[in-house]
Structures are given as C-alpha cells and as structure tokens.
Peer 1: 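One structure follows; several queries about it will come next.
A, B, ... follow the sequence lines: proteins, then strands. Residue 1 opens every chain. Keep in mind that this is a model prediction, so the values were computed, not measured.
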2 protein chains.
Amino acid sequence: MLDDLDRTIIEILVHDARISLKELSNQVGLSSPSVSERLRRLEEKKVIRSFTIDIDPVALGYSLSAIVRVRPLPGMLHIVEKLIQETPEITECDKVTGDDCFVGKLQFRTMEQLDMILDRLSERAETNTSIVKSSPVKRRLPPLS
Amino acid sequence: MLDDLDRTIIEILVHDARISLKELSNQVGLSSPSVSERLRRLEEKKVIRSFTIDIDPVALGYSLSAIVRVRPLPGMLHIVEKLIQETPEITECDKVTGDDCFVGKLQFRTMEQLDMILDRLSERAETNTSIVKSSPVKRRLPPLS
DNA sequence: AAATTATGCTTGATGATCTTGACCGAACTA
DNA sequence: TAGTTCGGTCAAGATCATCAAGCATAATTT
C-alpha cells in the first residue's frame, strides 16, 4: 500500500509540513510533479488526514493537564458522552473496554477550573483524575514499516 | 499575548496548514507580509510548535489502540520509563499523579502484538489495559479565549 | 510472442506565490 | 516635541507550483 518513497514523504512532512514541494522532492529524490501526485493520493486514500499545526497549550494559558477516567452512573452513558463532547477543555477522549468507560485528556489553567469541570461530570459519573506531571513520550508515529 | 488576529490565524491553520499565505491573509484581512511576520513570531514564541500532518494509524496497519496504565514495581521506575520510551508502538505517554505512574497510548495490529508488548512491561510493572472502542472526542484545541 | 494499456516518471513553460526592502503612521518614551 | 519602536502596506524580483507533453517500464490482452 505504501512504498518507501511514501514513507519518506510522510516522515519529512510530520516534522515540517510547510516545506516547499521543490525542497521536498529534492529530499525524496523525485521531481516535484511526482511528489505532488503522491501527496494527492496520500490525501485521497486518507493516509494523510490533514495538514495542521501543533499548538503548545501552555502558550494558550493551559499550563496544567490531567487524564480523567469516567464511569457513568447507571443509565447515564449517553448523557455523559454528550457532556464530555460539550466540554471544550476535554481535548481528546476515547471510549474503552473495562471498568472505565471513557478516558479523556483535560487541559486547564487552575485547580479551580479543574474542580468546576469535574463537578459537572460528577453529577452523572464517577471520575478518577490524574494530574500530568511530565510527558516522557511526546506524540509520535508508530513504526511505518 | 495573542490577539484576535493571531487566534484567527491559528484556527485557520489547525484545519489547513497548507493554505497559501495569500489566501490566509485574505481570510485574516491583512497583507501577506504581515501574516508572514505574525507566523514567524508565533513560531518564535513557540505558540506554534510545528507544522505537521495528521496520519491515520489505520492506514499504517494499526487498526487497534489501547490505553495502558503502568505502575512500576519497587525500584523499577526509571527502567520502566526507559522501556516505555523505547517501545515505538507507545505513541504518547504521560507521567501522572496517583497510583498509576504512567498513562500511555498504544497502537497495535493484532492481539498477539499487544500481548508481546505488555509481556515486556509486565516483567517490571503492573499494567492495566483498556482497548479503545471509539473516540468520542478527536484531538482538538481547548478554547483560545 | 506481440501488441496494447496503464502507471509513474521527467522536462520545460507559464502563471501564481513568497520574500525583500523601502516607506508610512500610530503609540509610547525621553 | 522629538525620537524610537512596532506593526502595517506596497511593489519588485525571486521562487515555486502546476500543467501539458512525452517517455520508459511493467502488466494485461490478443
């Protein structure tokens, strides 16, 4: 499905999506129309979901973050899911197997803010919150092999 | 620190980082050199950490993912941290307060692969694994206000 | 086996975009 | 008030992306 050139292109773009086609094609060893066509196909196949920027939450004032595990009270599953989606400080959330139903990431500025957000959830779910102290692994790709 | 124009620029780029400077400056209502200068400063201030692409792990063959909570056995904390960093299938990991020491995200192709990876961790830590069934909140920015 | 088609590449021309430098005005500072 | 800084515009030359045409190779058909 993906060949070595595609993988090279992806690895370069992950680190610098703003690189010019010309420079990218130099690094890949193809002409720019070829690389352009490969990019088009990678997007078409949804391998590349989007071109985006990585923003530092700290720069936006969110100097704290937490992992929240959420177990809805009986009958509350859908309401809780909706509540999570409507809480903009929850910047990602997965629905998982096991006792915890949801595991989410929460960005916040102050403990007061954390408390407010958790209070809203606690009306309809049990929550378990762990404050993030550091991030030993920053977001990265799994092996492309 | 950030004004409305910066926030507009960020919101546009989060959705399409490949937009031309010309188009971006039209949407923002400034000339392109101005927007270019603002971009330079946003990068300089590390508000924008990088321009990157969002890759679909499924397209890379990683059709499964899991949240793993890791509690190192006594004395094993640093070894476990290193082990986590050296496990490329763990695509992000936070060190947190509470009983669990690390919470990570794991991308994998088969249950056998999951089993192998967890076996390696289990020699030095207790783990608790939840398979991801869906993602009610895809990665997004907290409010920029 | 020969002919055909499809795929993926290159080149070179053209038009669009980016960057640079010169300049301007508002807001702060001495 | 005069000077300085900051952030902006405009216009040019430099750079880049895209398109069409053509070529080579590999797979498919006859």
Side-chain angles (χ1 to χ4, degrees), chain A residues 1-63 109 139 141-145, chain B residues 1-63 109 139 141-145:
Chain A
M1 185 141 182
L2 296 191
D3 65 13
D4 284 351
L5 292 172
D6 289 329
R7 278 189 279 269
T8 306
I9 290 172
I10 288 172
E11 265 164 4
I12 294 170
L13 289 178
V14 163
H15 291 106
D16 179 11
R18 228 185 7 168
I19 189 175
S20 72
L21 250 194
K22 190 176 183 230
E23 176 61 20
L24 177 58
S25 41
N26 281 345
Q27 293 190 25
V28 168
L30 290 177
S31 67
S32 46
S34 301
V35 174
S36 176
E37 174 63 11
R38 278 170 179 269
L39 273 183
R40 199 193 56 68
R41 282 196 304 248
L42 287 170
E43 280 192 86
E44 189 186 56
K45 287 189 291 189
K46 303 288 171 66
V47 175
I48 298 179
R49 277 198 290 228
S50 74
F51 288 70
T52 184
I53 50 178
D54 180 25
I55 295 292
D56 183 0
V58 174
L60 301 180
Y62 295 93
S63 48
R109 301 172 195 260
R139 208 152 41 73
L141 283 184
L144 295 190
S145 78
Chain B
M1 186 141 181
L2 296 191
D3 65 13
D4 284 350
L5 292 173
D6 289 329
R7 278 188 279 269
T8 306
I9 289 171
I10 288 171
E11 265 164 3
I12 294 170
L13 288 177
V14 163
H15 291 105
D16 179 11
R18 229 185 5 169
I19 189 175
S20 73
L21 204 47
K22 188 173 184 244
E23 176 60 21
L24 178 58
S25 41
N26 281 345
Q27 292 190 25
V28 169
L30 289 179
S31 67
S32 49
S34 302
V35 174
S36 176
E37 174 63 13
R38 276 171 181 268
L39 273 183
R40 198 194 58 69
R41 283 197 302 253
L42 287 170
E43 279 193 84
E44 188 186 58
K45 286 189 291 190
K46 302 288 171 66
V47 176
I48 297 179
R49 277 198 289 227
S50 73
F51 288 70
T52 185
I53 49 178
D54 180 26
I55 295 291
D56 183 1
V58 173
L60 301 180
Y62 295 92
S63 47
R109 301 172 196 260
R139 209 151 43 72
L141 284 183
L144 294 190
S145 77

Peer 1: Take atom CD of A:Glu23 and atom P of D:dT15, then tell me their distance rounded to the nearest Å.
Peer 2: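 Rounded to the whole Å, the gap is 13 Å.
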Peer 1: Between C1' on D:dG7 and CG on B:Asp4, what's the gap in Å once rounded to a whole number?
Peer 2: 16 Å
Peer 1: Which part of the nucleic acid, if any, lies within reach of B:Ser34 when heavy atoms closer than 4.0 Å are counted: base, sugar-phosphate only, or nothing?
Peer 2: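 Result for B:Ser34 = base.
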Peer 1: About how many Å separate CG of B:Asp16 and CD of B:Glu23, when rounded to the nearest 0.5 Å?
Peer 2: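 B:Glu23 CD to B:Asp16 CG: 9.0 Å, rounded to 0.5 Å.
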Peer 1: Closest approach of A:Leu13 and A:Leu24, non-hydrogen atoms and distance?
Peer 2: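 Looks like CD2-CD2, 4.2 Å.
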Peer 1: When the distance from CZ of A:Arg18 to C1' of C:dT17 is rounded to whole Å, what number comes out?
Peer 2: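 Atom CZ in A:Arg18 sits about 15 Å away from atom C1' in C:dT17.
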Peer 1: Please pick, from C:dC18, C:dG8, D:dA17, the nucleotide with the shortest atom-to-atom distance to any side-chain atom of A:Leu21.
Peer 2: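 Nearest to the side-chain atoms of A:Leu21, counting from C-beta on, is D:dA17.
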Peer 1: Inspect the contact between A:Asp54 and B:Arg139 and indicate whether a charged nitrogen and a carboxylate oxygen are less than 4.0 angstrom apart.
Peer 2: no
Peer 1: Return the value, rounded to whole Å, for the distance between atom NZ of A:Lys22 and atom P of C:dT11.
Peer 2: 13 Å
Peer 1: When you measure from the side-chain N and O atoms of B:Ser32 to the phosphate of C:dC18, is any distance below 4.0 Å, counting only OP1 and OP2?
Peer 2: no
Peer 1: Can you tell me how far P of C:dA16 sits from CG of B:Asn26, to the nearest Å?
Peer 2: 14 Å
Peer 1: In whole Å, what is the span from the CZ atom of A:Arg40 to the P atom of C:dG8?
Peer 2: 10 Å
Peer 1: Are the charged groups of B:Arg40 and B:Glu37 less than 4.0 angstrom apart, N to O?
Peer 2: yes
Peer 1: Quick one: is A:Arg41 getting a side-chain N or O under 4.0 Å of the C:dG8 phosphate, OP1 or OP2?
Peer 2: yes
Peer 1: Side chain of B:Leu30, heavy atoms from C-beta onward: which of D:dT18, C:dG8, D:dT9 has the nearest atom to it?
Peer 2: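 Minimum distance to the B:Leu30 side chain belongs to D:dT9.
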Peer 1: Return the value, rounded to whole Å, for the distance between atom CD of B:Glu37 and atom P of C:dT19.
Peer 2: 11 Å
Peer 1: Is the side chain of A:Ser25 donor-acceptor paired with the backbone N or O of A:Leu21 at a distance under 3.5 Å, no angle test?
Peer 2: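 Such a contact is found between A:Ser25 side chain and A:Leu21 backbone.
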Peer 1: Using a 4.0 Å heavy-atom cut-off across all strands, classify A:Ser31 as base, sugar-phosphate, or nothing.
Peer 2: base
Peer 1: Could you state the atom-to-atom distance from CD1 of B:Ile19 to C1' of D:dA17 in whole Å?
Peer 2: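 Interatomic distance, CD1 of B:Ile19 to C1' of D:dA17: 16 Å.
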Peer 1: For the side chain of B:Pro33, counting heavy atoms from C-beta on, which of C:dC18, C:dG8, D:dA11 is nearest?
Peer 2: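 Selected nucleotide: D:dA11.
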